[in-house]
Number of protein chains: 2
Amino acid sequence: MKPTESEMEILQVLWKQGPSSVRTVFEQLDKKDVGYTTILKLMQIMHEKGMVDRDTSSKTHIYVALISKENTQNQFLDKMIDTVYNGSTARLVMQALGNERTSKKEIEEIKAFLKSLENN
Amino acid sequence: MKPTESEMEILQVLWKQGPSSVRTVFEQLDKKDVGYTTILKLMQIMHEKGMVDRDTSSKTHIYVALISKENTQNQFLDKMIDTVYNGSTARLVMQALGNERTSKKEIEEIKAFLKSLENN
DNA sequence: CTTTATCTACGAATTGTTTCGTAATCAAAT
DNA sequence: ATTTGATTACGAAACAATTCGTAGATAAAG
């Protein structure tokens, strides 16, 4: 089950912060152009879908991500490689590296990673 | 303006084949679980949105992509890096490379690409 | 105890996407 | 000319995602 765009933004906060109230998720989201109850509703829907669990023992419910960051990211990645890059991982990677956004430091990280791949 | 999932599938065909009729796009799409008029309608909407142009001089209209493959892919990539990878290109790339899907040949391509980046 | 603030629940409106049925048009074949 | 087949146009239904208003519950502050 693939999270929607908005759900993904909420998951990012939950993954980074750990268990959180709706309020703190709302505050982390710079997406302040939407109301509090919108985020609340979204998180309730995510609960219905089984993406998050929640502790309702106190008035303020605490939500926690049930799906893993790695799995979810991979899911998006695979879909993207298929529908946007026609199945070619290499093309995606090279276009990502061609981006101006990628710093020297990141390039070095990637090279190191490739070396470590070789050694296995 | 970001193409939807279905629009992306159609664009893939137009990019690969060049100018095409609705019929040939429909046939290329293994997405045969939807009807012909569905694809027709989607392509008409894409025309309204300005994603494609069309030649209506003969009965069978010929559609051509107006947005470039590179730009569109980059758009998706940027969005993905932001919403799924919290802005880190390196993490996306490393996860992509960690995939089993990536062949030795592709890895070599990427190494070569990194070298060519260095020389500029 | 009463007021105030915060929270949840829930329904409903809105918006966007996908789907297809039907009618009209056109061209080719009979 | 008439039929047949392929095409476009168009409206509308079905579905999904997003948004928010309002009501009711609960806790904290006065």
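We name chains A, B, ... by the order of the sequence lines, and we start the count at 1 in each one.
- At whole-Å resolution of the value, CG in B:Asp33 and C1' in C:dT18 are 12 Å apart.
- Atom CD1 of B:Ile39 is separated from atom P of C:dT18 by 10 Å (rounded to the nearest Å).
- If you walk DNA chain D from 5' to 3' and mark each nucleotide with an atom closer than 4.0 Å to a heavy atom of chain B, the marks span D:dG5 to D:dA12.
- Side-chain contact check for A:Val22 versus A:Val25: every heavy-atom pair is 4.5 Å or farther apart.
- Distance A:Leu42 CG to C:dC10 C1': 14 Å, rounded to the nearest Å.
- Regarding A:Phe26, its CZ atom lies at a distance of 15 Å from the C1' atom of C:dT8, rounded to whole Å.
- Side-chain atoms of A:Thr72 and A:Trp15, non-hydrogen and from C-beta on, do get closer than 4.5 Å to each other.
- With a 4.5 Å cut-off on side-chain heavy atoms, A:Val93 and A:Tyr85 do not count as touching.
- Atom NZ of B:Lys41 and atom C1' of C:dG21 are 12 Å apart (whole Å).
- What you find for B:Met46 and B:Leu11 is that their closest heavy atoms are CE-CG, 3.6 Å.
- Proximity of B:Ile81 to A:Asn99: side-chain heavy atoms (C-beta onward) are separated by under 4.5 Å at one or more points.
- Under a 4.0 Å N-O distance rule, the pair A:Glu109/A:Lys105 qualifies as a salt bridge.
- Listed for the A:Glu9 side chain is no donor-acceptor partner under 3.5 Å among the backbone atoms of B:Thr83.
- Contacts of A:Thr38 with the nucleic acid, taken as non-hydrogen atoms under 4.0 Å apart, include base atoms.
- Within the structure, a side-chain polar atom (N or O) of B:Ser6 is placed less than 4.0 Å from OP1 or OP2 of C:dT18.
- Put simply, the side chain of B:Thr102 gets close to the backbone of B:Ala96: a donor and an acceptor are under 3.5 Å apart.
- Inspection of the B:Asn86 and B:Ser88 side chains reveals no N or O donor paired with an N or O acceptor under 3.5 Å.
- Nearest-nucleotide positions on DNA chain D for A:Ser58 and A:Gly35 put A:Gly35 closer to the 5' end.
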Produce the list of close N/O pairs, under 3.5 Å, pairing protein atoms with atoms of nucleotides 22-30 of chain C; give distances to one decimal.
| residue | atom | partner | partner atom | Å |
| --- | --- | --- | --- | --- |
| C:dC26 | O2 | B:Lys59 | NZ | 3.3 |

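- With contacts defined as side-chain heavy-atom distances shorter than 4.5 Å, the pair B:Glu7/B:Lys2 does not qualify.
- The side-chain heavy atoms of B:Met51 and B:Tyr63, taken from C-beta on, include no pair separated by under 4.5 Å.
- A heavy-atom distance below 4.0 Å to DNA chain C is reached by these residues of residues 44-52 of chain B, ordered by number: B:Ile45, B:Lys49.
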